[in-house]
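Right, one structure below, let's go through it.
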Amino acid sequence: MANTQDHAAGGSPRAKTRVVRVGTRFIGGDWPVAVQSMTKTDTRDVAATVEQIRALEKAGCEIVRVAVPDEEAARALGPIRAAIGIPLVADIHFDHRLALLALEQGVDKLRINPGNIGSRANVKEVVAAARDRGVPIRIGVNEGSLEKEILAKYGAPTPQAMVQSALGHVQILEELGYEDIVVSLKAFSVPRMVEAYRLMSRLRPYPLHLGVTEAGGGGPGLIRSAVGIGMLLMEGIGDTVRVSLTGPPAEEVAAAYEILRATERRQRGPTVISCPSCGRTQINLVAIASEVRERLAGMSTPVTVAVMGCAVNGPGEARDADFAIAGGKRSGLIYRRGKIVKKVPEDRLVDELVALVISSLEEDNTRPFNFSEGGEHG
Ligand code: SF4
């Protein structure tokens with residue numbers, strides 16, 4: 001079953017992966033590459049965690065993960081899940097009892113490495129409980145936490161070492177006949193994570209969760225994530241993404257959608273094209289473009305809006321975009337689907353454009369319209 005939200009127009013065809021159900025969503029196969037994030041609150045604080053998850057949902061987050069460091073956090077999962085509208089993933093390290101408790105609390109997915117939870121009996125118990133509830137397991141390999149033996153063998157956390165570590169965990173689940181698996185191979189090093197995912201993609205059909213770990217914040221974090229995740233998406237690799245940024249989690253979601261839009265794997269909300277401006281520009285293009293972006297940020301309907309400084313390149317971009325502005329002398333032309341609608345003075349350009357976008361999309365019943373002006377998603 002394909003979902004029409006996915007526009008895999010660019011890059012290589014998507015690698016064939018198994019479909020795994022995570023609560024109300026599906027990962028893998030032809031399903032749209034799902035956008036995930038992780039809360040930064042203390043999971044034991046249910047109110048704060050729910051508040052952050054609701055902000056994430058508003059930003060378009062589709063799956064959310066919370067850290068489960070102890071029993072109190074595990075017991076908070078039920079109340080958290082009951083108060084949110086997106087699937088909940090429990091992130092657990094080492095302690096299989098926390099995994100069992102998380103499953104009892106109704107989580108939709110576990111992130112746990114079966115090789116790190118002790119005896120075979122522990123693993124069997126967790127897998128049986130996950131299978132009973134139809135809950136998938138993500139194996140999360142991180143370049144910083146590879147097994148000592150593997151590190152000794154490869155001498156460094158190479159892509160091969162990361163894949164060997166992942167395969168070790170995968171085989172434990174496969175031997176138990178359990179294949180509801182998602183795999184991640186995160187690294188700070190972009191070449192390393194890209195190669196690790198490529199290798200894994202050739203070896204197993206499990207859906208891949210992409211991420212660059214500890215990418216940092218601001219521009220450098222965004223660029224690092226965009227290069228690593230974007231490169232793989234262009235190669236058809238990746239079924240769900242999490243952009244890890246040092247900053248508010250809603251920014252991770254906005255960045256994830258931007259990467260999916262840039263790689264043409266998914267279109268959600270407005271894509272605003274704007275020229276860099278130059279000596280020909282006679283309007284305040286930077287301010288106008290940024291106001292257009294802000295004013296349309298709450299819209300989830302896919303739409304392309306071009307904001308161009310002059311009539312040299314303006315008409316060309318305007319033809320390809322759903323809506324456009326081409327600046328003139330302290331004024332601008334507004335276009336809808338390549339046709340000039342009107343000429344307005346500079347100080348009315350944004351209001352007129354936004355009004356036109358809203359009224360046109362409300363009339364257009366071929367795409368679902370969803371808009372709250374000035375939302376958090378950018
Ligand atoms: S569209 Fe016009 S104003 Fe913008 S950079 Fe190009 S030439 Fe300059």
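Values below: every heavy atom of this structure, side chains too, minus hydrogens, waters and symmetry copies. Counting starts at 1 for both ligands and their atoms, in listed order.
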Open item on the list: Tell me whether Glu195 is salt-bridged to Arg198, with the criterion being a basic N under 4.0 Å from an acidic carboxylate O.
Closed with: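 Here Glu195 pairs with Arg198 in a salt bridge, since their nearest N and O are under 4.0 Å apart.
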
Task: Lys NZ or Arg CZ of Arg131 over Tyr178 ring: under 6.0 Å, within 45° - done: no

TODO: Compute both the distance and the angle, then confirm whether Arg266 meets the cation-pi test with Tyr257: under 6.0 Å from the six-membered ring centre, within 45 degrees of the axis.
DONE: no

Quick check on contacts: which atoms of ligand 1 are under 4.0 angstrom from a heavy atom of [X]?
| X | value |
| --- | --- |
| Cys278 | 3 (S), 5 (S), 7 (S), 8 (Fe) |
| Arg280 | 7 (S) |
| Ser277 | 5 (S) |
| Thr281 | 3 (S) |

- [ ] Not counting sequence neighbours, list each pair that qualifies as a salt bridge (Lys or Arg N to Asp or Glu O under 4.0 Å) and has a residue in residues 85-113.
- [x]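 Output for this query lists Arg65-Asp91, Arg81-Asp108, Asp91-Arg111, Asp95-Arg97.
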
Open item on the list: Could you work out, with side chain to side chain contact (heavy atoms under 4.5 Å, CB included) as the rule, every residue matching Ala99, not counting sequence neighbours?
Closed with: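 Side chain to side chain contact (heavy atoms under 4.5 Å, CB included) list for Ala99, sorted by chain: Ile92, Leu110, Ile112, Val126.
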
- [ ] Give a yes/no answer: is there an N/O/S atom of Cys310 under 2.8 Å from atom 2 (Fe) of ligand 1?
- [x] yes

